[in-house]
Amino acid sequence: MLDHTKSNYSKGFSLIELIVVMVIIGILATQVVFSFTRPLRKVKSTALQLRSDINLARAEAANRAQAVTIDFFMGTEDGYRLCIDTGAAGCADDCPGPGCIKEVSFRREVQFYDANATNGPDRDAGVGTNRPAVGSDGVDFPLALPGVDNKFLMQPNGTASEKGAIFIYAPEAADHTVMLAVPLRVGVEDTSGRVWVEIWDRGTSSFGRK
């Protein structure tokens, strides 16, 4: 006599169960993709790369026994160049060239801080610790000569020609006062050449170390 209380075969997944599993996998995959593409992650990546490249400029200056220029440029895509200092206004426009070490262009949605953004740093805050920039381009090296304030030098002895900061954020394309990601500040110390990264905290209205 057959025993109907026990199954003689292993039960597989039902169609409903397979659909549920696939939906869960799809949700997790979407979250992973979003986490790698969201604006704040791009701003952080840009700021950390800039910090690394400023340290590269310091190392190159020491190795070559010659000052290295970090020259910032603005346009359709913001960015910067590293080149051997020649005493000119900045790095050559035809970089890469004989004196060019590296050129970096930001992702299109990332740029230098250029507006009084909603819940962001005040561009008119004077010389306090939260001052975001001189002029209108998010690059703050106030001791530089007029017309060439978007550059500074790393000296062979490991120091910077002056202290300053670079402010990077992700604004809405149609309105730069609307931030898609809060600004990060890459600070440079002149006496030691030390470089650090800080992020804007809307709650305290100040920058804090990362």
Side-chain angles (χ1 to χ4, degrees), residues 30-54 69-82 89-91 93 102-152 160 162-190 195-210:
T30 301
Q31 290 177 339
V32 169
V33 170
F34 179 76
S35 70
F36 280 97
T37 58
R38 61 186 179 183
L40 181 56
R41 185 172 293 275
K42 293 179 180 180
V43 175
K44 287 182 178 180
S45 174
T46 301
L48 293 175
Q49 181 181 10
L50 174 57
R51 179 180 66 180
S52 176
D53 285 338
I54 293 174
T69 300
I70 298 95
D71 183 16
F72 300 91
F73 58 84
M74 294 84 193
T76 305
E77 293 180 348
D78 292 352
Y80 55 90
R81 301 181 183 95
L82 275 58
C91 294
D93 291 336
K102 187 174 186 179
E103 178 175 317
V104 175
S105 293
F106 294 166
R107 293 183 172 98
R108 184 166 298 178
E109 54 272 64
V110 176
Q111 66 176 57
F112 298 117
Y113 189 86
D114 69 350
N116 271 338
T118 304
N119 294 325
D122 184 358
R123 292 183 53 79
D124 302 317
V127 294
T129 56
N130 296 329
R131 181 185 185 189
V134 169
S136 60
D137 54 25
V139 180
D140 186 0
F141 288 92
L143 297 183
L145 296 174
V148 292
D149 60 335
N150 287 334
K151 76 165 189 174
F152 70 98
E162 58 176 305
K163 64 180 179 180
I166 307 96
F167 300 77
I168 304 168
Y169 79 135
E172 188 177 87
D175 184 356
H176 287 187
T177 66
V178 178
M179 296 188 298
L180 300 179
V182 295
L184 269 74
R185 177 170 65 181
V186 182
V188 180
E189 180 61 53
D190 55 348
V195 188
W196 64 90
V197 177
E198 299 171 305
I199 189 169
W200 177 257
D201 186 331
R202 294 181 179 180
T204 62
S205 295
S206 62
F207 283 96
R209 296 291 174 91
K210 283 184 58 57

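Shown here is R202, whose CZ atom has more than 12 heavy atoms of other residues, nucleotides or ligands within 6.0 Å.
In this structure, the ring of Y80 has its center no less than 6.0 angstrom from the ring center of F112.
L40 contributes atom CG, which lies 11.0 Å from atom OG of S45 (distance to the nearest 0.5 angstrom). From L50, atom CG reaches atom CD1 of I168 across 5.0 Å, with rounding to the nearest 0.5 Å. With rounding to the nearest 0.5 Å, the separation of CZ in F106 from CD in Q111 is 9.5 Å. The line from CD1 of I70 to SG of C91 is 8.5 Å long, rounded to the nearest 0.5 Å. Separating the CZ atom in F167 from the CD atom in E198 is a distance of 8.5 Å, to the nearest 0.5 Å.
L180 is not listed as a side-chain neighbour of E109, based on a closest heavy-atom distance of 4.5 Å or more. Considering only heavy atoms from C-beta on, D114 comes within 4.5 Å of Y169 through its side chain. Between K44 and V197, the closest side-chain pair of non-hydrogen atoms is not below 4.5 Å. Between V110 and D78, the closest side-chain pair of non-hydrogen atoms is not below 4.5 Å. Proximity of F152 to D190: side-chain heavy atoms (C-beta onward) are nowhere separated by under 4.5 Å. Side chains of Y113 and P121 form a contact here, defined as non-hydrogen atoms less than 4.5 Å apart.
Across every non-hydrogen atom of D53 and L82, the tightest pair is O-CD2, 3.2 Å. Summarising the geometry of A160 relative to E189, their closest heavy-atom pair is CB-O, 3.9 Å, with the distance given to 0.1 Å. Taking all atoms of both residues into account, the shortest heavy-atom contact from F73 to V104 is CZ-O, 3.6 Å. Of all heavy-atom pairs between A115 and H176, the closest is CB-O, 3.5 Å. Of all heavy-atom pairs spanning K151 and E162, the tightest one is O-OE2, 4.0 Å. Smallest separation of non-hydrogen atoms from M74 and V139: CE-CG2, 3.5 Å.
In this structure, the side chain of W200 does not engage the main chain of R185 through any donor-acceptor pair within 3.5 Å.
The side chain to side chain donor-acceptor pair (under 3.5 Å) search around D175 returns T177, not counting sequence neighbours. In this structure T46 satisfies the side chain to side chain donor-acceptor pair (under 3.5 Å) test with no other residue, sequence neighbours excluded.
Classification of E103 and R81 as a salt-bridged pair holds, one side-chain N sitting under 4.0 Å from a carboxylate O.
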